[in-house]
There are 2 protein chains.
Amino acid sequence: MSQTPRHSAERSVPTSADVARLAGVSRATVSYVLNNTSAVRISEPTRRRVREAAEELGYVPHAAARTLRAGHTRIVLLPTAHIPVGPLYSRFISELQWALRRLDYTVVQYGSLGLDGDAAARAWAELRPVAVLSLGEIALTAQNVEVLKRSGAKAVITLGPQHVEGAHSLVMDQREVGVRAAEHLLERGRRRIGVVVPEEQGLDLFSAPRLAGVRQVAEPAGATVLPVPLAYEEEAADALAARWRGLGLDAVYAYNDEYAMLLMRSLQDAGIAVPDETAVIGADDLLLGRLLRPRLSTVRIDMVTGQLLAELVDRAVRDPTGVPERHDLMGAEVVRREST
Amino acid sequence: MSQTPRHSAERSVPTSADVARLAGVSRATVSYVLNNTSAVRISEPTRRRVREAAEELGYVPHAAARTLRAGHTRIVLLPTAHIPVGPLYSRFISELQWALRRLDYTVVQYGSLGLDGDAAARAWAELRPVAVLSLGEIALTAQNVEVLKRSGAKAVITLGPQHVEGAHSLVMDQREVGVRAAEHLLERGRRRIGVVVPEEQGLDLFSAPRLAGVRQVAEPAGATVLPVPLAYEEEAADALAARWRGLGLDAVYAYNDEYAMLLMRSLQDAGIAVPDETAVIGADDLLLGRLLRPRLSTVRIDMVTGQLLAELVDRAVRDPTGVPERHDLMGAEVVRREST
DNA sequence: TTGAAAGCGCTACCAC
DNA sequence: GTGGTAGCGCTTTCAA
């Protein structure tokens with residue numbers, strides 16, 4: 001009875017044994033045929049019978065069983081959390097996935113929202129990924145890296161503000177963005193610089209170092225730096241603009257172009273001239289920033305390409321004993337337009 | 001020799017047998033303790049020994065082995081392709097992930113870029129997900145659904161323009177967006193309506209039905225509809241604006257707010273008055289659209305909430321025999337501002 | 001309260 | 001060329 005097929009919903013999932021039975025061969029043969037094992041020659045008629053049987057049953061191999069047998073996976077794990085990401089970043093992710101797939105890896109994005117570092121690392125380790133690529137949404141500790149490696153990960157790669165012990169690190173020091181913005185504003189003769197700090201969750205990983213970067217440049221030069229919290233809402237921006245003159249600022253680095261556009265509009269509506277009274281600069285070089293009047297100055301950030309990163313992953317997997325590479329790859333450059 | 005621990009990199013991955021050995025108990029006991037199996041009482045000292053041993057070895061259970069044994073997973077598969085998605089969508093995804101995790105599912109985003117429907121369905125089926133949630137980036141056929149169900153998926157849910165046989169469908173008819181935009185423009189007395197069709201890849205899944213929606217309303221009313229291809233670049237918009245008057249349009253539905261902002265700027269720069277000479281409407285109700293002058297009119301789209309969708313998934317998984325639900329849930333509403 | 005052992009589906013070694 | 005079969009790591013039934 002347990003073998004009686006009924007509704008397709010009830011019929012149990014076909015295994016390679018079912019295929020073998022239907023084709024009248026052994027499971028070994030099925031495996032050889034379906035995997036095109038070159039070490040073994042199977043006659044063409046047999047191959048056909050096997051393929052047809054597989055087709056008829058709708059056979060799909062069981063990844064978990066294969067993994068267990070093989071002792072390793074080709075999973076590259078990409079932990080994600082909730083970060084309101086821009087178009088640059090999502091394009092980068094696609095590019096990366098595509099490049100990794102070409103190298104025959106399976107990219108799995110694993111949502112880790114609401115897990116702390118330890119729990120997250122354990123959850124990832126359960127999947128036995130061959131590599132973990134942490135893009136900075138979740139901060140990894142050296143201990144987490146150790147857990148992952150112990151679970152068989154050949155490579156742990158972090159893309160973030162600092163080097164992590166034991167991991168290949170792509171150090172993207174976000175301070176650089178703040179540094180560039182501040183240098184530019186100083187050069188334009190500004191001396192009292194506001195720095196927008198988004199109130200939205202999850203962005204402090206980026207905003208804090210950027211603020212630090214501004215400070216690092218501005219304060220030694222005798223300029224004042226004032227952090228300005230701002231929620232991404234029209235009302236919040238209007239409220240800020242209303243008390244703007246009281247702040248006595250002559251420039252603002254607005255975290256990124258979206259916040260900059262928001263703030264600039266409110267400033268203009270409040271009668272504050274940009275850039276004459278207050279210079280405004282954003283970051284990310286969004287197309288939309290170019291559409292404003294005055295056109296928005298910005299800090300363009302050079303992202304590493306997905307292709308490049310995929311190659312690094314592959315290299316690290318192939319040579320796990322290799323010395324952790326450490327690249328400093330934050331390139332940031334001011335694009336001056338009309339708002340500064 | 002094969003058991004001699006050396007560098008941590010070389011030491012083989014600890015299994016529950018290793019934990020058992022170290023704790024001086026059987027593998028069964030280890031399993032009981034680590035899974036808090038309530039059907040079995042284990043003495044407190046034993047529990048402690050087991051936990052300590054696991055901790056010391058850095059033991060992490062092997063998901064594939066557990067899956068194989070259990071015969072099913074708790075994976076909800078979320079296929080993704082490259083679609084340049086907006087902030088609404090990515091927030092929705094986070095929300096969904098979070099809600100699903102609370103229901104004890106493991107959300108796996110699986111990049112399927114460059115796979116056709118059949119190959120993709122097979123690849124997904126290998127993971128034996130308990131549910132597949134196709135958010136419309138990849139069009140599923142009834143056949144694909146069948147493959148997935150045969151591989152044990154209890155629920156296949158699609159969010160897209162049309163119902164898919166065998167799947168629970170959340171029908172989001174994108175035509176609705178075009179319909180609303182067109183109705184509004186007609187109401188404002190416009191009779192020659194341009195419809196921006198993005199040249200970017202992957203967007204036609206959305207743009208085609210939206211265009212159809214405009215036609216559906218405008219043509220019976222005696223208005224003209226003209227598709228206008230546009231790449232998301234400043235130069236392309238400028239070029240289009242330069243030949244705008246030749247098109248003889250008095251209104252344009254610009255696909256979404258981003259394209260609308262781009263085009264509106266170029267139109268204004270070309271001396272075309274908005275809305276007097278040409279009305280412009282977008283879609284998505286982005287914050288940035290409110291910042292333009294004139295403020296951008298838009299079609300606000302009501303997204304289903306992640307919470308709601310997670311509950312639907314859970315319901316479908318618990319009762320796989322249930323009749324496929326079919327919800328029509330595209331709510332779209334015009335937000336009139338100043339550009340129309 | 002604990003242990004022995006079967007078996008999930010697959011691949012690869014070895015024998016025929 | 002093809003088949004038999006061990007064993008990957010885990011959970012769970014049954015026995016002690």
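Just so we're on the same page: letters track the sequence lines, and every chain starts at 1. Not measured: the values here are computed from a predicted model. These numbers come from the heavy atoms of this one structure, side chains and all, not from hydrogens, waters or symmetry mates.
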Between R47(B) and E44(B), is a side-chain contact (heavy atoms from CB on, under 4.5 Å) present by the stated rule, with each step listed? CA-CA 5 Å; R47(B) 304 182 94 87; E44(B) 200 44 52; 3.3 Å; yes

Phosphate OP1/OP2 of dG1(D): any R41(A) side-chain N/O under 4.0 Å: no

When the distance from NE2 of H62(A) to C1' of dT11(C) is rounded to whole Å, what number comes out? 15 Å

Of all the choices, dC10(C), dT2(C), dT2(D), which nucleotide is nearest to the side chain of T46(B) once you look at every atom? dT2(C)

Rounding to an integer number of Å, can you tell me how far L34(B) CG sits from dC10(D) C1'? 12 Å

Rounded interatomic separation in angstrom, taking CG from N35(B) and P from dT12(D): 7 Å

Let me see the working for K154(B) and H72(B) under side-chain contact (heavy atoms from CB on, under 4.5 Å), right down to the final yes or no. CA-CA 10 Å; K154(B) 293 256 194 292; H72(B) 62 260; 5.9 Å; no

What I want to find out is whether R315(A) reaches D319(A) closely enough, with some N-O distance under 4.0 Å, to be called a salt bridge. no

Base, sugar-phosphate, or nothing: which does V40(A) touch, judged by heavy atoms less than 4.0 Å apart? base

Distance in Å, Q307(A) CD paired with F92(A) CZ, rounded so as to fall on 0.5 Å steps: 11.5 Å

Quick one, V304(B) with M172(B), criterion side-chain contact (heavy atoms from CB on, under 4.5 Å). Give me CA distance, side-chain angles, the key distance, then yes/no. CA-CA 10 Å; V304(B) 58; M172(B) 273 184 50; 5.7 Å; no

May I ask you to say what T67(A) touches in the nucleic acid, namely base, sugar-phosphate or nothing, with a heavy-atom cut-off under 4.0 Å? nothing

Which atoms of nucleotides 6-8 of chain C (N or O only) lie under 3.5 Å from a protein N or O atom, and what are those distances?
from	atom 1	to	atom 2	distance (Å)
dG7(C)	N2	R69(B)	NH1	3.4
dC8(C)	O2	R69(B)	N	3.3

Counting only side-chain heavy atoms from C-beta out, which of dG3(D), dT11(D), dG3(C) sits nearest to T29(A)? dG3(D)

Tell me which of A64(B) and S43(A) sits closer to the 5' end of DNA chain D, going by the nucleotide each one is nearest to. S43(A)

E146(B) with R150(B): basic N within carboxylate O range, under 4.0 Å: yes

After noting the C-alpha distance and the side-chain angles of L133(B) and L96(B), does the key distance pass the side-chain contact (heavy atoms from CB on, under 4.5 Å) rule? CA-CA 11 Å; L133(B) 192 43; L96(B) 175 64; 3.6 Å; yes

5′-ward residue of the pair G24(B)/R128(B) relative to DNA chain C: G24(B)

Closer than 4.0 Å, any side-chain N/O of R66(A) to the OP1 or OP2 of dG9(C)? no

Counting only side-chain heavy atoms from C-beta out, which of dG3(D), dT12(D), dT11(C) sits nearest to Y32(B)? dT12(D)

